[in-house]
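The block underneath contains the structure these notes are about, expressed in structure tokens.
When reading the values below, keep in mind they use all heavy atoms of this one structure, side chains included, and skip hydrogens, waters and symmetry mates. Here is how names work: the chains are called A, B, and so on, in the same order as the sequence lines, proteins then strands, and each is numbered from 1.
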Protein chains: 2
Amino acid sequence: MTAIKPSSTRQENRQTAIAACPVSFVMDKIGGNWKPVILFQMMSGAKRYSEIKKAIPTITEKVLIQHLKQLQDDGLVLRKALDVVPPHVEYRLSKSGQALTPVLNAMAAWAFEHREFGGRKASR
Amino acid sequence: MTAIKPSSTRQENRQTAIAACPVSFVMDKIGGNWKPVILFQMMSGAKRYSEIKKAIPTITEKVLIQHLKQLQDDGLVLRKALDVVPPHVEYRLSKSGQALTPVLNAMAAWAFEHREFGGRKASR
DNA sequence: TTAGGAACCTACTTTAGGGTAAGTACTTGT
DNA sequence: ACAAGTACTTACCCTAAAGTAGGTTCCTAA
């Protein structure tokens, strides 16, 4: 629910970029520090909330849930609350979420081919 | 040169994400509001600074130069100062910058296939 | 009965990125 | 003489995303 102030130049520029540039559009969906990592977790199948949390120890619960919600709103992941005895929640990739796999693979391939990935540290 | 405070949790998390996740690594390079747009401009060949500026009217000079510098530092674009009579500067994609083309195309393809791109507005 | 896990929510603070506005050094056209 | 273009730089401000630190409800096992 992170409040936004839609009448800022920043926001306007962002919206126009997203509207005009498909790459920006994708960035908007899977960008950020954590979304790729979260998505990756779910690429190996449905995961429980607590499983994801455990798999990414440094993420805070606030941010994790926030991102999971955005991913749901964007239709990339599906949430299913299981009505078993200790009730728990499962997250998994939707159809379009799974369709991102080749995109993510293309990125990963580039990362490995170029710029000695794993070596030298990032600049910013 | 936007000063960074390297001893923040934020920065640490970011660095570990970049080091561990190839997708985050790529995001770090081509993420942000403007980098995709700038890169796109150069995909059609070398461009002068002022040409890029004119092509993206809403970007400020500060941000444009800032991004061009980051892209240079990351080895994605090459800067060439031409020593002609009114001297000007040319920017073009490097080898690894050009290697991003399939990645960007994959993203664009996904954007068009899924989520009725161009329709409904982005959530955030 | 109290501790703990699961899946959240809420209020408050920090910071990096982006925006505003201005100035520089050089040259060319009028 | 002066405006205008080219490629920048610098100082300052604002905001959205991320981090901190709690609380909540429900259930179960010891």
Side-chain angles (χ1 to χ4, degrees), chain A residues 1-18 24 27-38 47-54 56-70 72 79-91 122-124, chain B residues 1-18 24 27-28 30-35 37-38 47-54 56-70 72 79-91 122-124:
Chain A
M1 255 143 200
T2 331
I4 43 162
K5 211 200 170 184
S7 54
S8 63
T9 310
R10 191 134 161 195
Q11 205 54 29
E12 279 165 33
N13 284 343
R14 189 177 173 154
Q15 293 302 342
T16 48
I18 290 172
S24 296
M27 291 309 199
D28 178 57
K29 302 281 167 265
I30 62 170
N33 290 11
W34 296 110
K35 291 235 190 91
V37 185
I38 296 171
K47 285 267 152 50
R48 290 179 52 177
Y49 170 79
S50 51
E51 284 181 296
I52 302 176
K53 217 186 68 171
K54 251 169 255 159
I56 317 173
T58 44
I59 198 174
T60 63
E61 299 194 46
K62 185 200 122 184
V63 174
L64 176 52
I65 288 190
Q66 194 175 287
H67 281 12
L68 284 170
K69 238 185 220 147
Q70 288 176 3
Q72 280 173 73
R79 198 191 100 118
K80 182 151 73 169
L82 300 188
D83 206 11
V84 292
V85 186
H88 63 254
V89 179
E90 235 183 45
Y91 290 93
S123 37
R124 270 175 325 294
Chain B
M1 253 147 206
T2 333
I4 44 164
K5 212 199 170 184
S7 55
S8 63
T9 310
R10 197 153 165 169
Q11 205 54 28
E12 280 165 33
N13 283 344
R14 192 180 168 148
Q15 293 302 343
T16 48
I18 290 172
S24 296
M27 289 313 197
D28 178 58
I30 62 170
N33 289 13
W34 296 109
K35 291 236 191 91
V37 185
I38 296 172
K47 285 265 152 53
R48 292 179 50 179
Y49 170 80
S50 51
E51 283 181 296
I52 302 176
K53 218 186 68 170
K54 251 169 255 157
I56 318 174
T58 45
I59 198 173
T60 64
E61 299 194 46
K62 185 201 122 185
V63 173
L64 176 53
I65 288 190
Q66 192 175 287
H67 282 6
L68 284 170
K69 239 185 219 147
Q70 288 175 3
Q72 279 174 73
R79 200 193 98 117
K80 184 152 72 167
L82 299 189
D83 205 11
V84 292
V85 187
H88 63 251
V89 180
E90 235 184 45
Y91 291 92
S123 36
R124 269 176 321 294

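Set against C:dG19, C:dT10, C:dA7, the side chain of A:Arg79 has C:dA7 as its closest nucleotide. Considering only the side chain of B:Ser8, C:dT15 comes nearest among C:dT15, D:dG19, C:dC8. For B:Arg14, the side-chain atoms get nearest to C:dG17 when compared with the rest of C:dC8, C:dG17, D:dA18. With distances taken from any side-chain atom of A:Tyr49 to the nucleotides D:dA7, C:dA21, C:dA7, the minimum falls on C:dA7.
Contact between the side-chain N/O atoms of A:Lys69 and the OP1/OP2 oxygens of C:dC9 is found at a separation under 4.0 Å. For D:dA7, one of the phosphate oxygens OP1 or OP2 lies less than 4.0 angstrom from a side-chain nitrogen or oxygen of B:Ser50. Contact annotation: A:Thr9 side-chain N/O to C:dT20 OP1/OP2 distance is under 4.0 Å. OP1 or OP2 of D:dG19 has at least one side-chain nitrogen or oxygen of B:Asn13 nearer than 4.0 Å. Close to C:dG5, at under 4.0 Å from its OP1 or OP2, lies no side-chain N or O of A:Arg48. A sub-4.0 Å separation between OP1 or OP2 of C:dG17 and a side-chain N or O of B:Arg10 is absent. Put simply, A:Tyr91 has no side-chain N or O that comes within less than 4.0 Å of OP1 or OP2 on C:dA6.
Counting any heavy atom pair closer than 4.0 Å across all strands shown, B:Thr60 reaches a base atom. If you check every strand for non-hydrogen atoms under 4.0 Å, A:Lys53 touches nothing.
Summarising the geometry, the separation between NE2 on A:His88 and C1' on C:dC8 is reported as 15 Å, rounded to the nearest angstrom. Rounded to an integer number of Å, the gap from CD1 of A:Ile56 to C1' of D:dA18 is 15 Å. If you measure from atom CD of B:Gln66 to atom C1' of C:dT20, you get 14 Å, rounded to the nearest angstrom. Distance CD (A:Glu90) to C1' (C:dA6): 14 Å, rounded to an integer number of Å. Note: CG (A:Asp83) to C1' (C:dA7) measures 14 Å, nearest angstrom. Following rounding to the nearest Å, A:Lys62 (NZ) and C:dT14 (P) show an atom-to-atom distance of 14 Å. Atom-to-atom, CE of B:Met27 to C1' of C:dA16 comes out at 18 Å; the value is rounded to the nearest Å. Across the protein-nucleic acid pair, A:Ile59 atom CD1 and D:dA18 atom C1' stand 10 Å apart, rounded to whole Å.
By the 4.5 Å heavy-atom criterion applied to side chains, A:Val84 and A:His88 are counted as neighbours. Side chains of A:Asp28 and A:Arg14 form a contact here, defined as non-hydrogen atoms less than 4.5 Å apart.
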Apply side-chain contact (heavy atoms from CB on, under 4.5 Å) to A:Lys53 and A:Arg48, showing your working. CA-CA 9 Å; A:Lys53 217 186 68 171; A:Arg48 290 179 52 177; over 6 Å; no
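Mapped onto DNA chain D by nearest heavy atom, A:His67 and A:Pro87 fall at different nucleotides, with A:His67 at the one closer to the 5' end. Comparing A:Asn33 and A:Glu61 against DNA chain D, the residue whose closest nucleotide sits nearer the 5' end is A:Asn33.
In this structure, a donor-acceptor pair under 3.5 Å is absent between the side chains of A:Gln70 and A:Lys29.
Shown here for A:Lys47 and A:Ile52, the closest heavy-atom pair between the two residues is CB-CG1, 3.6 Å. Nearest heavy atoms, B:Ile38 versus B:Leu64: CD1-CD1, 3.8 Å.
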